[in-house]
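The block underneath contains the structure these notes are about, expressed in structure tokens.
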2 protein chains.
Amino acid sequence: MTTFAPDAPPIGGFAAVVPAGGVGSRLWPLSRPERPKFLLDLLGEGSTLLQATIERLSPLADHVMVVTGAPHSDAVAAQVPSLGAADIVAEPSPRDSMAAIALAAALLEARHGPVVMGSFAADHVIRKPDAFHAAVRAAAACAAEGKIVTIGISPTGPSEAFGYIEAGDELGGGAHHVVAFTEKPDADTAARFIATGRYYWNAGMFVTRTDVLLGHVQRLQPGIESGVREIAAAWDGPERESVLDRVWPGLTRIAIDHAIAEPVAAQGGVAVVPADLDWHDVGDFASLASLLTPRADGITVVDRSAPTAQIDAPGALVMGGDRPVVVVGVEDAVVVDSGDALLVTTRHAAQDVKNAAQALNTART
Amino acid sequence: MTTFAPDAPPIGGFAAVVPAGGVGSRLWPLSRPERPKFLLDLLGEGSTLLQATIERLSPLADHVMVVTGAPHSDAVAAQVPSLGAADIVAEPSPRDSMAAIALAAALLEARHGPVVMGSFAADHVIRKPDAFHAAVRAAAACAAEGKIVTIGISPTGPSEAFGYIEAGDELGGGAHHVVAFTEKPDADTAARFIATGRYYWNAGMFVTRTDVLLGHVQRLQPGIESGVREIAAAWDGPERESVLDRVWPGLTRIAIDHAIAEPVAAQGGVAVVPADLDWHDVGDFASLASLLTPRADGITVVDRSAPTAQIDAPGALVMGGDRPVVVVGVEDAVVVDSGDALLVTTRHAAQDVKNAAQALNTART
């Protein structure tokens, strides 16, 4: 891997694209359709996940572009004042990640000609930013040569929660050929993957030249390529809305993994830069709790303006609220007061929170 | 046992005394020093425990008297408008049950001469009021003959939560001699008690002639007897406050059980009227939950103005609050929102709630 200098200049012409989507339904009631996970300061550190993502990318990039749903573009602009109006791309409706990233690529190319771009989710936590910067530089160098490059997270254990990237021969510069991408494995398969030392977690980070990406899209999903080219050509003129309205709803809904990464990997066109980033998906309250620092009495308290106490409730996480809370005898309890709703669960049951909003809608009737 | 006629007249001259004390600390945050358990509508049935107690006693009694702490006398008057000022006795400070009941006896006797009085806690639930009325009538008849009479609750199982009354020979009229009172037993002892068929739960209900009670007090706790006689003599005149201030703080703090019931039982002077009252102490959220009717989905919801839902949380109890609540994966969860504080526990841990307020005070520092 390349050596990272903290004061290194941006990667020449590099464009950071941040798809900001996904509600984060397992983080209800903090996350909601109208205030998705990426707009939240989940760690209580003073910046939202989106803000932290932009801050992490800005030193590397000549251009930063956020692609988000139209309902969230105002919130994105408010949270990241450094973005100009042209840097926030509002999707009229969700068309999955391939259309979003291809549109960003087409817009960047229309404005700047072919550039190296990297796509990074708006709602991940990375605790080793220097290692991240080094990995992106290595990936960008490899991408400049024509590869689609993913950054593979060095696994800390045989997790069943992530897809895996199988690395093959070394390409130089810290990159390896990608043999294949795999879906989330079962426990035995995950353990076998880890034992080989050749598998990395897939965090959905892709670095590529815009022309290389759009070339693959043209070949594999031609409707998406012609559609985003047409939209991009009209974007900065008076026809943007009418072209979007006509073309966008017809684009195929497909993830970039299935549309491009997997088939191109099978043809030898994808590389991986492995990196130890202290990376976290923060998908639910259990993973969130593991990132936070407990108090001396063993419970974790976030974003509260009133006292919090526990009796026989080791590992409890209490978030939000302006009233005293006492947790008695519920190990690993999770209590989340969003002001307009209350969740009571445990770390163990944290995955099932994804159905909470629906359960409430049923109860309402 | 005597047969009860629902339209039967009051017991001639009978006085019902209701000591209204005790915070109910295991019901925090609903119960607080400033709004103790007896002032709460715990069952969500539209009347507080005190109101239900008075309503249950009124058909039997010519006189009803509530003895409570001075801070609660206004709340008692507001909740029970049928009580006159003379019917609410405000204790300047807690001196335990012997002083409270002896003062009531002395006041009743000063006003009406010797009468049969019964003392009944303000915060118990009795689901068979007809059986209760019949038991009080039987107890009053026996008390008129000079006994101290307790009403013994037919046990529904070998509980360790209550003291027990051992019944001996029958006295007639549904009453038996009391052999002895026992403290809360361990599990084995409780099981042995139940197996004999001669043991009843002690719910602290005592029925006695005022002169008989005060005679025992004079003999066994002479300081209390002379003190309450002196206070009673001054009660309806200008010296009440000064006599109370001088005498009350010096009265021995002792429960009526230890002061009178146990020693008099040992001398053969106490009787018990066994009764099946569907009686409940409602000491904690587990016992409260057992009295409430769950919804179709298995959770119990009380006094809430917003939707409540559960996922894998059978037996949950959710009380209070005006915001949506979802409980996920916490069996027998207890979630209580008092507006100014939040408790999260389980039925299993419900006893430990008694330390919640203290834990919060520690957390506050």
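Letters A, B, ... are given to chains in the order of the sequence lines, protein chains preceding strands, and every chain is numbered from 1. This structure is a prediction, so every number in the text was calculated from the model and none was measured.
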Greater than 12 external heavy atoms within 6.0 Å of B:Glu160's CD
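Atom CD in B:Glu160 is packed in, count exceeds 12.
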Can you tell me which residue among A:Leu342, A:Val327, A:Val326 is in a side chain to side chain contact (heavy atoms under 4.5 Å, CB included) with B:Leu342?
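So the option named by the test is A:Leu342.
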Which answer fits [X], side chain, backbone, both or neither, if we ask what part of it has an atom under 4.5 Å from a heavy atom of chain B?
X        : value
A:Ile311 : side chain
A:Ala356 : both
A:Val325 : both
A:Asp340 : backbone
A:Asp322 : neither
A:Val335 : side chain

Step by step, would you call B:Val328 with A:Val344 a side-chain contact (heavy atoms from CB on, under 4.5 Å)?
CA-CA 6 Å; B:Val328 179; A:Val344 173; over 6 Å; no
Check A:Ala309 against B:Ala363 and note the closest heavy-atom contact, atom names and distance.
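Scanning both residues completely, I find the closest heavy atoms to be CB-CB, 4.0 Å.
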Exercise: identify the closest heavy-atom pair between A:Gly329 and B:Ala349
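Heavy-atom minimum between the residues: CA-CB, 3.9 Å.
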Who wins among B:Val336, B:Asp337, B:Thr346 for the most heavy-atom pairs under 4.5 Å with chain A?
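Of B:Val336, B:Asp337, B:Thr346, B:Asp337 has the most heavy-atom pairs under 4.5 Å with chain A.
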Taking 4.5 Å as the heavy-atom cut-off, does anything in residues 21-29 of chain A contact chain B, and if so which residues?
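Within residues 21-29 of chain A, near chain B: A:Trp28.
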Residues of residues 279-294 of chain B near chain A, each having a heavy atom less than 4.5 Å away
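Not one residue of residues 279-294 of chain B has a heavy atom under 4.5 Å from chain A.
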Considering heavy atoms only, which positions within residues 68-78 of chain B lie below 4.5 Å of chain A?
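When heavy atoms of chain A are the reference, residues 68-78 of chain B contributes no residue within the under-4.5 Å range.
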Between A:Ala333, A:Ala341, A:Ala316, which residue shows the highest count of heavy-atom pairs closer than 4.5 Å to chain B?
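The candidate making the most pairs under 4.5 Å is A:Ala341.
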So do B:Asp312 and A:Asp352 actually touch side chain to side chain, heavy atoms under 4.5 Å?
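Yes, their side chains come closer than 4.5 Å.
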Give a yes or no answer on whether the side chain of B:Arg323 reaches the backbone of A:Gly339 with a donor-acceptor pair at less than 3.5 Å.
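Yes, the answer is positive, given that a donor and an acceptor are paired below the 3.5 Å cut-off.
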Contacts of type side chain to side chain contact (heavy atoms under 4.5 Å, CB included), residue B:Asp297, not counting sequence neighbours:
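Residues passing side chain to side chain contact (heavy atoms under 4.5 Å, CB included) with B:Asp297: B:Arg295, B:Ile299, B:Gln310.
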